[in-house]
Amino acid sequence: MRLGFKLIAEAYSPVEIVDQAVRAEQAGFDFVEVSDHFHPWVPEHEHSGFAFSMLAAAAARTSTIELATGVTCPFIRYHPAIVAQAAATTALLSGDRFTLGVGAGERLNEHVVGQGWPPVAKRHEMLREALEIIRLLWSGGYHSYDGKHLKLEDARVFDLPDTLPRIAVAAGGPAAARIAGELGDALFATEPRKDLVTAYEQAGGDGRRYAEVPLAWAPTEDEAAESARRLFRFGLTGWKVQAELPNPVNFAAATELVTADHLREQFGCGPDVARHLEIATPFVEAGYDQLALINAGPDMDGFFDFFSKELGPALRKLSS
């Protein structure tokens with residue numbers, strides 16, 4: 001099992017995100033993954049830096065830790081040709097330490113270019129076409145593509161790494177997990193659902209299985225739970241809501257009645273290693289072997305110290 005750290009780009013400035021990547025490497029994490037958003041989730045966040053710029057800066061300041069998007073929607077706001085170019089460049093700049101995490105996106109980020117927001121079935125079709133275009137461009141040479149939704153005209157990515165980036169496909173249900181198995185190299189999830197792993201494997205997937213584990217470190221449980229409420233209450237709405245609301249003000253309204261106690265039920269809150277292990281264990285039991293830890297607590301330096309001294313060693317024993 002490998003342990004990663006979630007860089008919450010909506011809650012911290014681009015400079016802070018890069019500093020956290022450096023600190024994560026020092027603390028002993030195996031990888032970091034950064035959200036790729038245009039808007040933050042809730043008004044308190046107040047940030048949303050450009051993911052690929054932050055990854056390039058992190059690559060320049062680190063040497064061993066792997067880097068990933070968590071995750072990029074490779075259509076609507078981006079064209080897949082741009083994603084193919086950005087991912088290839090990031091892989092080169094990082095010395096082949098980059099994984100391209102992709103998914104079917106959220107209206108929060110994609111509506112900004114004025115192209116509408118398709119229903120989920122259509123988004124899955126577009127995701128399939130986007131992955132086919134990215135693979136084409138990574139094969140070298142000039143390519144065109146005439147799909148049902150997406151087009152490519154006589155395009156070539158000139159700078160390609162010798163080792164192409166791994167593609168991890170995010171899944172909130174079995175349909176997306178099957179896309180991960182058919183067209184991806186890895187699975188990415190945010191819930192400890194065994195059915196997603198099963199669907200991924202039945203569709204031919206045999207790669208890494210990433211999952212985000214919700215934690216919040218602070219000296220007290222109450223302080224951690226309140227920080228989680230402020231920073232991560234949107235996560236309790238579920239993907240049927242998260243994928244559909246257009247702006248932070250809408251998420252603020254949708255989560256108005258969410259309390260710190262609600263977050264306490266879903267997150268490992270506070271300084272107790274046992275509680276954090278209780279939250280992480282279902283992910284391991286469901287078959288996920290790449291755990292990206294979220295820290296929704298108020299003190300990142302304190303969390304990194306806690307991870308390096310106590311939590312990291314305890315988590316690594318879960319797979320033994």
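Here the structure is a predicted model, which is why all the values come from computation and not from measurement.
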Just wondering, do [Y] and [X] contact through their side chains at under 4.5 Å, heavy atoms?
| X | Y | value |
| --- | --- | --- |
| I76 | P118 | yes |
| S308 | R23 | no |
| P298 | E223 | yes |
| P271 | W217 | yes |
| R208 | D289 | yes |
| E106 | H39 | no |
| I133 | F75 | no |
| T89 | F52 | no |

- For residues 46-55, pull every pair meeting side-chain hydrogen bond (donor to acceptor under 3.5 Å, both in side chains), keeping only residues two or more places apart or in separate chains.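 Not a single pair qualifies under side-chain hydrogen bond (donor to acceptor under 3.5 Å, both in side chains).
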
- Task: Hey, could you give me each pair passing side-chain hydrogen bond (donor to acceptor under 3.5 Å, both in side chains) that has a residue in residues 177-186? Not counting sequence neighbours.
- Result: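 Found R128-E182, R135-D185.
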
- Message: Just by distance, no angles: are the side chains of H149 and E129 close enough, under 3.5 Å, to form a donor-acceptor pair?
- Response: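 There is no such pair between these side chains.
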
- Will you find, in the side chains of Y12 and Q20, an N or O donor that is under 3.5 Å from an N or O acceptor?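 No, no side-chain donor-acceptor contact under 3.5 Å.
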
Under the side-chain hydrogen bond (donor to acceptor under 3.5 Å, both in side chains) rule, collect the residues that match up with [X], sequence neighbours excluded.
| X | value |
| --- | --- |
| R156 | none |
| D19 | R61 |
| K151 | D146 |

- Message: I'd like to check the salt bridge (Lys or Arg N to Asp or Glu O under 4.0 Å) partners of D222; sequence neighbours left out, ordered by chain and number.
- Response: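 In terms of salt bridge (Lys or Arg N to Asp or Glu O under 4.0 Å), with neighbours along the sequence ignored, D222 is linked to R264.
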
- For E212, what residues pass the salt bridge (Lys or Arg N to Asp or Glu O under 4.0 Å) criterion, not counting sequence neighbours?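 In terms of salt bridge (Lys or Arg N to Asp or Glu O under 4.0 Å), with neighbours along the sequence ignored, E212 is linked to K6.
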
- Residue among E66, Q290, R316 satisfying side-chain contact (heavy atoms from CB on, under 4.5 Å) with D30: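 Going through the options one by one, the only one that passes is R316.
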
- Let me know which of I8, V213, L7 forms a side-chain contact (heavy atoms from CB on, under 4.5 Å) with I294.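 The residue from I8, V213, L7 that satisfies side-chain contact (heavy atoms from CB on, under 4.5 Å) with I294 turns out to be I8.
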
[X] side chain vs [Y] backbone, donor-acceptor pair below 3.5 Å:
| X | Y | answer |
| --- | --- | --- |
| N247 | V249 | no |
| W138 | A84 | yes |
| S144 | D154 | yes |
| W41 | L108 | no |
| D305 | G302 | no |

- Message: So for atom CZ, which belongs to F38, do other residues, nucleotides or ligands contribute more than 12 heavy atoms lying within a distance under 6.0 Å?
- Response: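 Atom CZ in F38 is not packed in, count stays at 12 or less.
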
- Message: Please determine whether the number of non-hydrogen atoms from other residues, nucleotides or ligands lying under 6.0 Å from atom NZ of K194 exceeds 12.
- Response: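 Above 12, so yes.
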
- Does F306 have its ring centroid less than 6.0 Å away from the ring centroid of H276?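 Yes, they do, as the ring centres are separated by less than 6.0 Å.
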
- Message: For the aromatic rings, using the six-membered ring if either is Trp, is the centroid distance between F307 and F5 under 6.0 Å?
- Response: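 Centroid distance F307-F5: not below 6.0 Å, so no.
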
Which heavy atom of [X] sits nearest to which heavy atom of [Y], and what is that distance?
| X | Y | value |
| --- | --- | --- |
| P165 | A87 | CG-O, 3.9 Å |
| D301 | D299 | N-OD1, 3.2 Å |
| A225 | C269 | CA-SG, 3.8 Å |

- Item | With sequence neighbours excluded, residues passing ring-ring contact (aromatic ring centres under 6.0 Å, His included) with F283 |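 F283 satisfies ring-ring contact (aromatic ring centres under 6.0 Å, His included) with no other residue.
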
- Carboxylate-amine/guanidinium contact E244 R107, below 4.0 Å: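 Answer for the salt bridge query: no.
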
Residues that [X] engages under side chain to side chain contact (heavy atoms under 4.5 Å, CB included), provided they are two or more places apart:
| X | result |
| --- | --- |
| A59 | L67, S94, R97 |
| A180 | V169, L187, Y200 |
| V42 | E44, H45, R233, F234, F251 |
| V71 | A170, F188 |

- Task: Could you point out which residue of T72, D36, N109 forms a side chain to side chain donor-acceptor pair (under 3.5 Å) with Y78?
- Result: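 When T72, D36, N109 are each tested with Y78, the side chain to side chain donor-acceptor pair (under 3.5 Å) holds only for D36.
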
- Take L3 and L311 through the side-chain contact (heavy atoms from CB on, under 4.5 Å) test and state the conclusion after the steps. CA-CA 11 Å; L3 300 177; L311 182 58; over 6 Å; no

- Begin with the C-alpha distance, continue with both residues' side-chain angles, and end with the deciding distance and a verdict on side-chain contact (heavy atoms from CB on, under 4.5 Å) for T62 and V22. CA-CA 6 Å; T62 59; V22 173; 4.1 Å; yes

